[in-house]
Structures are given as structure tokens and as C-alpha cells.
Amino acid sequence: MPIKLLYTLLFMLMALAPAASFAEQAILFQPVVSIYADAEGQGLLNPEGVACSDNTLIIADTGNNRLLQYMVKVDTVEFASQIKVSQLTNPIRVQVNSQGEIFALDGKNRRIVRLKKDGQFAGNLDLKGVPPDTGATIVPRSFKIDQEDNIFVLDIFSGRVIVLNPQGDYLRQIPFPKEFGFFSDLAVDRGGSVYLIDSANSMVYSAAKEATDFLPLSKSLKEYMNFPTCITTDNRGVLYVTDQNGGSIILLGLDGSFRGRKAGFGWNEGLLNYPAALCINSAGHAFVADRDNNRVQVFR
Amino acid sequence: MRWRPDFIIPFLALILCLGGQSLTHAEGKFNLKPGAKGKNCLNCHDGFEEILKNPFVHSPVKSWDCVGCHNPHAASHDKFLDADPKDICVRCHTKVFPDNPVSTHKVAADGNCVNCHDPHAAKFKFNLLKGGSELCSECHKALGERIAAVQFKHAPVEKGCVNCHDPHASAAAGKLLKDNVPGLCIKCHDTEKINFQKKHMNYPMAGTRCTACHNPHGSNQRGLLYDKVHNPFANRKCNQCHEGPSSPTPLKLKAGGFELCRGCHSNMINETLAQNRLHWPLLDRNGCLNCHNPHASDQKGLLAGPIMDVCGKCHVDTINKLKTVKSKHPPVEEGTCMACHLAHSSNQGLLLNKPSVIDICGECHDWQKHSTHVIGDEAKDPRNPNLTVTCQSCHRAHGTDADKMLLSPTQTEMCTKCHKEFKR
């Protein structure tokens, strides 16, 4: 009898463990602070990109054609500097590597601009040695940098993800799957898996490290989201998808299973109006580019 | 007691006789007297005799088996039907639908058989209410009118829709087609014929989708091309976009995505790319072909379909929502997305066609004359220091479930979102 009881308890523990660990790890999306303006009081305008580390936040203030740098403290952020260079006219995505170098995608000119830690222009990302799949044109819709500073470029023109080393030299490419709607963003997790978000079909695709093709991670998630445009991971087993038209953040397991819906459409703090991008740091902060509310919200 | 074998056979014969007799009695489930079948019904339903004079009579009616479908005493269904009208026909007509249909006719799948067939008798074969394509045009009115009006007609269409479509369901293709395209077309149009090849500039057409260029229902253009034809295609300059017909890959495009179209439409594409915000599918591997048909179309601007279908291919959430919301915005309902948005690019968010939402709304709504609420650059939104009050602060342009496309269920609830002092 005591053995049976032990087995029962063990079974219950095993059954509840994943839920408990998920609840412990996933961000609850409680509002911490909202960023509305720079130190001079100039308001943000349609910010579409955010990049973060444990102590830095960089905002692509798209409507003002500039980047803004902030220092991240425990429960607050402090303005650090504005980066405005003539070579970057319409920043829509931004990333920062482990050296503090900043990369920003210029949506108008469709190129990735490289900036030094202090914001000085350091050249365009050349994408050296990339095989010309459909001619010489490359259209980066988005990009991400992994923990080894490799750069993953979502090239929608040739339908592929191009992987570059930190210097911008071509390493490999992963073609898009045969059937899909439209890919707006990609994510790379700590294990090297690459994820794509299909905005039109609300589907997630994934390719394990070194895989040569993408496979669907989920069926259509239309039931849970309207028009997802950004995907990221917290490296703790959760994928976060911004539902642009639904004004929400959708949480998914690494198997594509639906784990929850956070925030909602609105103007007040804690609510979102066409969220465009999301970044999560290891301290458990989530930074959301709340595009049509002209602000960046920090959650934890 | 032991059974004697010489009794067994007569005993079994007796059992069979009795059993057979009881079966004879059960033949008519209502125990009708001999000769009292359907003819009895005509005693009251006297107008029915006229119906029966029609050349095509439903076989149960012909054999006076009225109770095959009706219950003469009481029923749970209209017209004393013995079962739900949606189920009653398929009790006999079990093979109307294939096992794995690719497409089904909604009216048939819903069991509304009487929309097309008279269950008793009719002038037309298969008990159809009307003959030929006339019946189909009852619902497919616009298509019927178009077929009647076009200058160049497709012979099979003239003979009737069922030449190409199965009226119930198709196991072979979409749109109830009896075979896929081009399989259906090449049954009549031999792609190996010299004349066919010459018409198609010697490009291999056997595996291509004929309906990408030709309107199978007839057209005002020669060759049944869709009414709007792309110039290079009309001028037979296929190699302007494709490799030559003698190439190993003759249908391959000379460039990818928008780069192909840029050759002729350079001004338009340069203007598009000069804007801050792009409609990204324009720059993917399909480029312009995401929305346009490069050969011919029956839509303005060579669109690949009606605009709601084209936009709805990706923005299905927006289009689906329109169908369910109570309060709809007429331009959206009518599919004039371009009343507010630009299709290719814009300097405004959401690809809006003007910098100010208020100006866009003002195109139709002369708000200054009948709105009392302050809106515009000077009116700060109390909920967010970076926003000013616009039409979209209270209304949702694509429609909502509240009156006047308000964002809250009631006007009071909407107003007190900002005017909190009045909240009770």
C-alpha cells in the first residue's frame, strides 16, 4: 500500500511538474514601466523594433528615424543616448551582439546597418559570399543575432534564411518550406533552432540546428491569434509571438502548443495597439514596441 | 421426447410459410389494404394528377409509394415527411456524394435537394425544376447574365453547366469540376495540334492552368482571354518575361519577384520603393504576382481576383471579422480597401493613404459639421501622452459589434474611458 501511494504521488508530481515549471519560467506580463520620450521630451513615434540585454535597451524609433539607447535597472529604465545617422533612414528592426555592436534593419533601403557601441556608423552588412538564388537581390524582412553573434537574415526575395558569421561572411542557408503564407520574422534559440512566424497562416515553422529545411511546428494557430508579426524566445522553453492585429502577446511551447495570451488591445498601460516587436532579457524583462501607442512598454 | 427426422422437413416448411406470410404483411409498414397505396392519397390530393402528367416522374411516385417519403398519419417534419428533408433523399440516393469529395455544392451538401429537383415529377430530366443552365443561373445570376452577354461563347457552356461541373460534388477537382484543369480542357483541346501550338507561341501548355488566362465561361476577348489583358501578353511577346520556347526551361521567368516587372514598370516600382513603409509581399519571391495576374484578368488592374479575395488571402482575420461584426463600415463591406489604404507602399502606418486619419475619414464624413468632440493635433488623449484624439480613438474603421463602430459596447462606456470623472 505505501508503495502504491508513493507511485501515485510520483505520477502526480510528474504530471504537474511541466505546468509548474512553465508558470515559474514564463513572463507574467505585468507592466513595469512605459517609455514615451527621450531625455529632451521628444515623444516616440511608431517604434517598430526593440533589442535588449540585461542592462541595455535599444529602441528603433521608426517614425523619428532614430535609435534610442536606455540603461535597464531593476524596475526602471534610464535614457542613455540617441543614435541618428544619415545612413539609417527608417529603422524597423534592431539587434545588439555580445560586443555591444548595434545592427539595425533600414526598412526603406532594405539593408542592415552596422553601428559601433557608441552609435557611430560602421558600414552596411555586406552579406559576403551569399549564393544568388534568384538573382543578386536580397530583401531582408527581419534578422536576429544568436548568442555566438552569428547573424540570421530572413531573405523574403529568395525565400530563405541566410546564416552569416559575426563578420558577415556566408555560412549556410535554409530555404523556406514549399507552402507558406508570408514570413514576417524569425527567432533563434540557445540551442541553435530557428523559428519562422507565418503572418498569413498564423503558423510557426522550425529548423533544428544544422537542419537543411523548415518543418511546421504547429498547425494554424488562427484560433489564438489574428496576424502575428514578431517571434522571439526567452531561452527557457517559451516562444513569444506578437499578435499585431489582436494587440496581444501569445505564448507557445517549443512544440508549438498554445500556452497563453497576454495583454490585449487598448491605450492604457498594460494594453497594446499594434505591437510590432518584442525582446526578452535573461533578467525576465519583456520589452514591447507598442507601435500605434507610440511607446515601448516594459513588462516582467 | 425425441424428434422424428421425417417430421423435421414439414415442420421447417411450416415455419417458413408462416414467416413468409408475416413478411408479406410487413411489406407496407402501415398495413395498407391491397390496392390502397398511393392512389388512395389522390382521393384528397386531387391536383396531384396534373403533376403526374409531367414526362419525368420520380420512381417511388410512379410506383405509388407515397409512404416511401411521407407518413400518412403524423410526422415530426413539414409536409408529413418521414425524416428530416436533409436526410430523406440520401436514404435511396446514396451515391450522390463521392467518398472523399474535393468540392461539394453547398445546396446539395445542406440537403436542400428540392431547390433544384421536384421530388414528384418535372418537365426536365432528373426531375429538375428548369432545364440546362437556366436552373444554375437562378442562384449564379451574375455569372448567368455574363454568359448571356459575352461576345465570344464557349460551346460547352452553351450546352449546359453540367458539361464541366458535377452539380452535387466532385472527387476530382475544386469548383465542382469533373476533372482538374488542364485535364478537363485537354479532353477537347488537343495540345499537340499544330494550330494549338501556334496560338500559344510554341510554348508547352500541356501542364499549365488554362484558366489563368482564359475565361471558360466566355469572354469579350478573342481566344476567351479574360477581359483585361496584359500588353506583352496581348502582343504575343511571351519572351519579354519568359525564356524562349526552345529553351530547356521555356516557362522560366527571366527575373525573380518584382525585378521582372521593374523592366517596364520602373517608375511605379521606384515610386513604391521610395516610400518609408512597404507592403512586404511585393518584395518576396512572388512579388507583384502575389496580387496580380501577369497574363489576363477580369479585374481592374489585372488583379488576381476580387479585391476582398486578394487582400483576404493574407488578411483573413480582418475579412472574417467583417462578416460577423454588427456594425459594418460600408467601404470595407463593399471591398474598397483602397479608399483608405495604398496597396504598394506608403509613408504612413498601416499603409494609409493620408498622413492624418481624420483627413481620411473626412473624405466621406464631413465631421466638422456634425461632430462636437474636439479632435486633432491639439486634443491630447488622456490615456496616453503620445497620442492625440482622432476618429480612431472611439471608432474602429473595419467595424465593431457596437453601434456606430464604437470600440465599447455602449456610448457611456466609450466616453468614460477618458472622462473618468463621469464614471459611476
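Convention: sequence-line order gives letters A, B, ...; per-chain numbering from 1. All heavy atoms count here, side chains included; hydrogens, waters and symmetry mates do not.
- In this structure A/Q95 satisfies the side chain to side chain donor-acceptor pair (under 3.5 Å) test with no other residue, sequence neighbours excluded.
- When the shell of 6.0 Å around NZ of B/K254 is examined, it contains more than 12 heavy atoms from other residues, nucleotides or ligands.
- Looking at heavy atoms from C-beta onward, B/K380 lies out of side-chain contact with B/P385 at the 4.5 angstrom threshold.
- Only the side chain of A/N90 comes within contact range of chain B, judged by heavy atoms closer than 4.5 Å.
- Taking 4.0 Å as the cut-off between side-chain N and carboxylate O, B/E363 and B/K354 count as a salt-bridged pair.
- Both the backbone and the side chain of A/L44 come within contact range of chain B, judged by heavy atoms closer than 4.5 Å.
- Only the side chain of A/E48 has a heavy atom closer than 4.5 Å to any heavy atom of chain B.
- In this structure, chain A has heavy atoms under 4.5 Å from both the backbone and the side chain of B/L283.
- For A/D292, the parts lying near chain B are the backbone and the side chain together; criterion is any non-hydrogen pair under 4.5 Å.
- Of the listed residues (B/K417, B/E259, B/Q392, B/K321), the one with the most heavy-atom contacts under 4.5 Å to chain A is B/E259.
- The aromatic rings of B/H292 and B/H344 sit tilted, their planes meeting at an angle between 30° and 60°.
- Proximity to chain B (any heavy atom under 4.5 Å) is shown, for A/F227, by both the backbone and the side chain.
- Interface check for chain A: of the options B/T318, B/N290, B/L350, B/N320, the most heavy-atom pairs under 4.5 Å are formed by B/L350.
- By number of non-hydrogen pairs under 4.5 angstrom with chain A, the leading residue of B/L407, B/L273, B/V316 is B/L273.
- When atom types are taken as modelled, the side chain of B/T336 and the backbone of B/M338 share no donor-acceptor pair closer than 3.5 angstrom.
- The aromatic ring centres of A/F183 and A/F176 sit less than 6.0 Å apart.
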